[in-house]
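Just so you know, ligand 1 is whichever comes first in the structure, and atom 1 is the first atom listed for that ligand.
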Amino acid sequence: MTSMKIIIPVYLFGVISLTLLHTASSIECPQFCTCNKTTSEAKCQNRLYDGIPAFPNYITSLTFTGMNLPEVKKKTFNLIKDLELQVLILRHNRIGNITADALSELKHLRHLDLSGNSEMKIDQLAACLGNIKSPNITILKLNSFGWENEQIIIYEAISKYNITELQMSRNYFKSLNMSALEQYVPNLTSLNVAYNDIEHIIPGQLRKLEIWRIHHNYVDVNYTLFNSTGTCNFPSLKVLNLTSNFVNHFENRFSCLDKLEVLVLDRNPVKQILKETFSDLPSLQVLHLNHLGDRLYNIEAFPFRSKTLKELSFSRNHFAFLKSARYLYFDSTQIFSKIPNLEAIDLSENYFNLTDGVLKEMISNLTNLKRITIKSCKFQTIPTDIFSKMKRLEVLNLTKNHIGSWNGTEVFGSISSLRTLRLDFNYINVFNDTSFPESFMANLKSIDLAGNPFFCSCKNLWFRKWIHSWRLKRPHIFKGYPANYLCINPPELYNTELKDYFPSDDECYPEKMNAALQSFIVLSLVGIFSVILVSLIYKGRWHIRYWIYLQRVKQRGYISLNSGDSFLYSGFVVYSDEDRHWVFSKFLKIVEEENDQTLCIHHRDFEVGKLIVDNIADCIAQSRKIILVLSRTMMTSDWCLFETRLAHRKFLNDDNGSLIIIMLENIQKKDMPHSLRNLVDLTTYITWSEEPDLQERFWTNVLKSIKGD
Ligand SMILES: *[C@@H]1O[C@H](CO)[C@@H](O)[C@H](O)[C@H]1NC(C)=O
Ligand SMILES: *[C@@H]1O[C@H](CO)[C@@H](O)[C@H](O)[C@H]1NC(C)=O
Ligand SMILES: *[C@@H]1O[C@H](CO)[C@@H](O)[C@H](O)[C@H]1NC(C)=O
Ligand SMILES: *[C@@H]1O[C@H](CO)[C@@H](O)[C@H](O)[C@H]1NC(C)=O
Ligand SMILES: *[C@@H]1O[C@H](CO)[C@@H](O)[C@H](O)[C@H]1NC(C)=O
Ligand SMILES: *[C@@H]1O[C@H](CO)[C@@H](O)[C@H](O)[C@H]1NC(C)=O
Ligand SMILES: *[C@@H]1O[C@H](CO)[C@@H](O)[C@H](O)[C@H]1NC(C)=O
Ligand SMILES: *[C@@H]1O[C@H](CO)[C@@H](O)[C@H](O)[C@H]1NC(C)=O
Ligand SMILES: *[C@@H]1O[C@H](CO)[C@@H](O)[C@H](O)[C@H]1NC(C)=O
Ligand SMILES: *[C@@H]1O[C@H](CO)[C@@H](O)[C@H](O)[C@H]1NC(C)=O
Ligand SMILES: *[C@@H]1O[C@H](CO)[C@@H](O)[C@H](O)[C@H]1NC(C)=O
Ligand SMILES: *[C@@H]1O[C@H](CO)[C@@H](O)[C@H](O)[C@H]1NC(C)=O
């Protein structure tokens, strides 16, 4: 029985302890926070919550901002003191009172940020900071405390730690005591005193300082800042950000900054950049001189001379790089010379005139350039002859110019190294097949043409097809496509995505169709005209021949039939092809063979290769008589009628005797053509008969007529 009494409590204890263990190991992330197991971070923001809750034990970084923690004590961290908390960010938590031992239990703290608790009392803060028990504390951020002066008491408090990064930006310091920092936090590698009112710097040496952010103050620098002790004050400085200060001249060159790689002098009221200002910075790689206001008027020779400089930014200075610029001094051929290793240049928002050649003189010798940015310079075209010589050019950024078109062959024809091209927000309406040569596309990874005022017209049909074909090969090549490739024209398609503009064949091919139609019409007209002409010529061919005949006759002089007996032929026989048989078998046989007369027969006597009218003219001229063999077919033959007409003419010129008419058939005069009827009226004709008796008389009459006068 007693054993039972013992067993039950042991059992109960087991259950209870298991439950406790379970709850302890499964602390959930507080509802108003986010916890990330991979980064071990917890973030809690903007809740009206007093105190710090418990967190899962993997958390090593806690960001607790915008909360209400008026009093911070050791107890405040009770629930998290067992975490291995390395990063504690307590920004803007309205901390008023903080006890000296508040942070003493956070043994692993590396990074403490108390920024934005401007109600905190400085001596309380100093006492608290002096009691951090973590040996690893190196980063301290005390931004936005509203302090009017530097708090040396704080420096003293932290002097026992190995602080390497200190931030005190967004206060109201008027001066900065580098000497005190040298004394108390000599191991600083990063100092941020940006957004103060610092005008005066008490020199001091920070031999390990690498990054110094002192932007947005009123600092004017001279070499005593860097060399006040006879040795260099910041021998390790790599990055000096002096954006938005009062630096207005660099009378002495920057020096004593042998490790300086990045120098940012943006937004300083610089008036002059003197000769070789930066040439004593043997490690300088990046130089920013942007947004200098409009005071800059003089840039001396070789201002950026440097063997190491890789990136130069001279943008938003509204400097007039113009041949015609007055009261401004710069030398276009010297300004960027002696920077042999320059890889990137930014000349955005200055004034250029692409036709005066200054830009070309300035940058065309920088043949190692890889990245060029010239934004917002109102370029109307892409300058030729500048980029084509830069064989290593990878990025060309011409955003926000007024570029409408360019000569693709001249600008991009010999560039094949380009990877990124930005032509977004220009004035490009239409692209055509010459805009981007094939070779230029070789290495292109990204092209941005967004924000251009595209025309949704058939002129861009090529462009759409081009985009499509390149997107098949390189899906992400067009930046901003399709959402930012919008049409402005025609008005009914305003703000339509270019992608959605599918012109139909009817819409788009009218040009081609028109061309086809036009050529069709032209061809048809030519055709119709030719047909008409040919048929007119055909119809009037006899008139034409007649006319030609007259011309010939005129030329050679008319040979009269009566000019002696020197005729070659007794007669010229005009007959229809149909009657050829009769002519050859009967007429020639009787007249030529049996009666020794020579006749001119066009089937036989016309000279080959001679114009037919010439043949006729010759025949008529060389014949004493003209013999018309009349038949019905002869009257329908234009050819014969033509010959008849020539005969008629001769008849009129000479006398009736030179014409002999033979009627092969009995033809009514009313069936004859007018001209023929006239002839028949004026001449007696001999009629052929199939009857042998009558035939004898026929031949007698014929021969008499041929031989007679
Ligand atoms: C945790 O952080 C990692 C790295 O920043 C991130 O990829 C992941 O999405 C985060 N997880 C959650 C749940 O937020
Ligand atoms: C800070 O402590 C003092 C006295 O210890 C007290 O008078 C004051 O109200 C406290 N301030 C806040 C914000 O709690
Ligand atoms: C301090 O940092 C070192 C190196 O990161 C680490 O090994 C050591 O555990 C840390 N000490 C504490 C108390 O966290
Ligand atoms: C101080 O911190 C720097 C950088 O973290 C480190 O190199 C150096 O060894 C540290 N010195 C001491 C004494 O902890
Ligand atoms: C600064 O660093 C040096 C060398 O790393 C070290 O000897 C020295 O103790 C450090 N100073 C402080 C205050 O931690
Ligand atoms: C250099 O600047 C310091 C303060 O920053 C000033 O006291 C000193 O007169 C200046 N020296 C010259 C030569 O301008
Ligand atoms: C620092 O200045 C002193 C005198 O002002 C000069 O002798 C010395 O050469 C300078 N050091 C460097 C590295 O410029
Ligand atoms: C310098 O400071 C300005 C202002 O905060 C910042 O925009 C810029 O990025 C900084 N430049 C460098 C190189 O750190
Ligand atoms: C640009 O330069 C050309 C040639 O020097 C000149 O004719 C033209 O007027 C200039 N244009 C402007 C806007 O200055
Ligand atoms: C470019 O360099 C060549 C050869 O070094 C030189 O002759 C020419 O004058 C230079 N052009 C400019 C504009 O500096
Ligand atoms: C120009 O375009 C390049 C490539 O997109 C980009 O990296 C760069 O920041 C741009 N330059 C400016 C001044 O916007
Ligand atoms: C572009 O330049 C090439 C080479 O100079 C020239 O042959 C071509 O006619 C130009 N094209 C246009 C449209 O001006």
statement: atom 4 (C) of ligand 4: closest protein heavy atom, distance to 0.1 Å, is Thr164 CG2, 3.7 Å
- request: Provide the closest heavy-atom pair for Arg392 versus Ser417 in the form atom of the first, atom of the second, distance.
  value: C-OG, 3.7 Å
task: Please indicate, with yes or no, if any protein heavy atom is found under 4.0 Å from atom 9 (O) of ligand 1?
output: no
- prompt: Is there a donor in the side chain of Lys208 and an acceptor in the side chain of Asn187, or the other way round, less than 3.5 Å apart?
  reply: yes
- line: Honestly, for Lys375 the part within reach of ligand 11 (heavy atoms, under 4.0 Å) is side chain
statement: If you scan protein heavy atoms around atom 5 (O) of ligand 11, the nearest is Arg422 CD, 3.2 Å
message: Is it the case that over 12 heavy atoms from other parts of the model lie below 6.0 angstrom from the NZ atom of Lys37?
response: no
message: Below 30° counts as parallel, above 60° as perpendicular, anything between as tilted: where do the rings of Trp466 and Phe436 land?
response: parallel
task: Record the part of Asp346 in heavy-atom contact with ligand 11 below 4.0 Å; permitted values are side chain, backbone, both and neither.
output: side chain
field: Donor-acceptor pair between Glu150 and Tyr155 side chains, under 3.5 angstrom
entry: yes
statement: Correct closest heavy-atom pair for Leu103 and Leu112 would be CD1-CD2, 3.6 Å
message: Under a 4.0 angstrom heavy-atom cut-off, which atoms of ligand 1 come close to Thr38?
response: 1 (C), 2 (O), 3 (C)
query: Taking both backbone and side-chain atoms of Asn397, is any N or O found less than 3.5 Å from an N or O belonging to ligand 11?
result: yes
query: Can a protein heavy atom be found under 4.0 Å away from atom 14 (O) of ligand 11?
result: yes
message: As a check for students: among Asn36, Thr39, Thr34, identify the option with a heavy atom nearest to atom 2 (O) of ligand 1.
response: Asn36
message: Side chain or backbone, does Asn162 bring an N or O within less than 3.5 Å of an N or O on ligand 4?
response: yes
field: Candidate pair Lys479 and Asp424, rule salt bridge (charged side-chain N to carboxylate O under 4.0 Å, His left out), full reasoning
entry: CA-CA 9 Å; Lys479 296 300 156 205; Asp424 45 327; over 6 Å; no
